[in-house]
Amino acid sequence: MPTWLFKTEPSEFPFAKLAAAAGGTMWDGVANPTALIHLRSCAVGDHVYIYHTASEKAIVGLAVVTKAAYPDPARPELNDRAEPRFAVVNLRRVMDVKAPLTLAAIKADPRSAEFDLLRQSRLSVMPVPPALAKIIDSLTGLKR
DNA sequence: GCCAACGTTGGC
DNA sequence: GCCAACGTTGGC
């Protein structure tokens, strides 16, 4: 199953604020067109690494998609059309990583050279290639 | 706080 | 439809 990486600013919406209950929490605020394309590709059951930006710059946890993309209910004026401008998904918190995986550590590993996280620093929703997901699982101590 | 690397906007 | 000017993100 596909794995994604979502970025969030920990002072705005930290990983810990994601609900661990079945329905999860709405993940909104994605405006970048490329990020929205990825967001619309998320399916229920897909796994999502949560990455904290700003001072942390590390993968801190794992979440799962509990509801696929739908129009942001807070932006009806922009979503009342065939192609909604803003999409959101629901995410449920699954588990913390055993060890946060820092951007510096990811950069230092030549196997992540093609990762969007390094190639396009402003992208907030991106796919994680399966081979890289395996590496990240091992480096963070995630058992899933 | 700075600035590179994007996106977006609006005049033409 | 182009592109200059402006705005935003996020690493440093």
Side-chain angles (χ1 to χ4, degrees), chain A residues 1-20 23-44 46-142 144:
Chain A
M1 102 189 21
T3 304
W4 308 89
L5 183 143
F6 288 14
K7 286 182 181 174
T8 182
E9 185 150 358
S11 61
E12 295 293 320
F13 193 88
F15 175 64
K17 269 181 86 174
L18 264 188
T25 305
M26 186 173 77
W27 190 275
D28 61 7
V30 177
N32 176 282
T34 306
L36 282 167
I37 288 170
H38 294 318
L39 197 70
R40 291 198 175 93
S41 302
C42 292
V44 171
D46 286 359
H47 286 170
V48 181
Y49 296 125
I50 303 300
Y51 174 92
H52 279 175
T53 60
S55 60
E56 291 189 39
K57 292 190 280 295
I59 294 173
V60 296
L62 184 72
V64 63
V65 177
T66 56
K67 186 173 180 182
Y70 57 102
D72 186 344
R75 315 291 278 274
E77 76 286 1
L78 291 162
N79 286 311
D80 183 20
R81 57 179 83 168
E83 185 66 16
R85 173 71 178 82
F86 291 104
V88 299
V89 300
N90 283 16
L91 294 185
R92 177 171 64 80
R93 179 157 46 89
V94 176
M95 64 180 102
D96 287 17
V97 297
K98 283 199 176 128
L101 180 58
T102 64
L103 180 65
I106 294 169
K107 267 189 172 170
D109 192 322
R111 295 173 295 183
S112 35
E114 304 297 311
F115 194 15
D116 285 351
L117 187 68
L118 305 184
R119 291 156 64 97
Q120 204 182 334
S121 67
R122 291 179 56 189
L123 188 61
S124 61
V125 176
M126 68 195 76
V128 183
L132 190 54
K134 273 192 168 181
I135 293 166
I136 292 174
D137 284 350
S138 130
L139 292 175
T140 53
L142 280 174
R144 54 176 168 128

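In what follows, every chain begins at residue 1, and chains take the letters A, B, ... in the order their sequences are listed. Hydrogens, waters and symmetry mates play no part in the numbers below; they use all other heavy atoms, side chains included.
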Novice: Please give, in whole Å, the distance from C/dC12 C1' to A/L103 CG?
Specialist: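 The answer, rounded to whole Å, is 11 Å.
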Novice: Would you please name every residue forming a ring-ring contact (aromatic ring centres under 6.0 Å, His included) with A/F6, sequence neighbours left out?
Specialist: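 A/F6 satisfies ring-ring contact (aromatic ring centres under 6.0 Å, His included) with A/W27 once adjacent residues are dropped.
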Novice: With the sugar-phosphate defined as primed atoms, P, OP1 and OP2, and the base as all remaining atoms, what B/S/- string results for nucleotides 2-9 of chain C, 5' to 3', for protein heavy atoms under 4.0 Å?
Specialist: -----BBB
Novice: Going by side-chain hydrogen bond (donor to acceptor under 3.5 Å, both in side chains), name the residues that satisfy it together with A/T53, two or more places apart in sequence or in a different chain.
Specialist: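 None.
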Novice: Just how far, in rounded Å, is P of C/dG11 from CG of A/L118?
Specialist: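 After rounding, the reported distance stands at 10 Å.
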Novice: Can you see whether A/Y70 has A/K67 sitting over its ring - NZ or CZ less than 6.0 Å from the centre and within 45° of the normal?
Specialist: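 Yes, a cation-pi geometry.
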Novice: Not counting sequence neighbours, which residues clear side-chain hydrogen bond (donor to acceptor under 3.5 Å, both in side chains) with A/E12? List them please.
Specialist: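 If we apply the side-chain hydrogen bond (donor to acceptor under 3.5 Å, both in side chains) test to A/E12, skipping adjacent residues, there are no hits.
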Novice: List in chain and number order the residues that pass salt bridge (Lys or Arg N to Asp or Glu O under 4.0 Å) with A/D109, two or more places apart in sequence or in another chain; answer none if no residue qualifies.
Specialist: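 With neighbours one apart ignored, the set is A/R111.
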Novice: Keeping to residues at least two apart or across chains, list the salt bridge (Lys or Arg N to Asp or Glu O under 4.0 Å) pairs with something in residues 129-142 of chain A.
Specialist: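 Every salt bridge (Lys or Arg N to Asp or Glu O under 4.0 Å) pair that includes a residue of residues 129-142 of chain A, provided the two are not neighbours, is A/D137-A/R144.
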Novice: Rounded off to whole Å, could you give me the CZ-to-P distance for the A/R119 and C/dG11 pair?
Specialist: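 Going from A/R119 (CZ) to C/dG11 (P), I get 17 Å.
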Novice: Mind checking if A/E9 touches a base, just sugar-phosphate, or nothing, with heavy atoms under 4.0 Å?
Specialist: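 Since no nucleic acid heavy atom lies under 4.0 Å of A/E9, the category is nothing.
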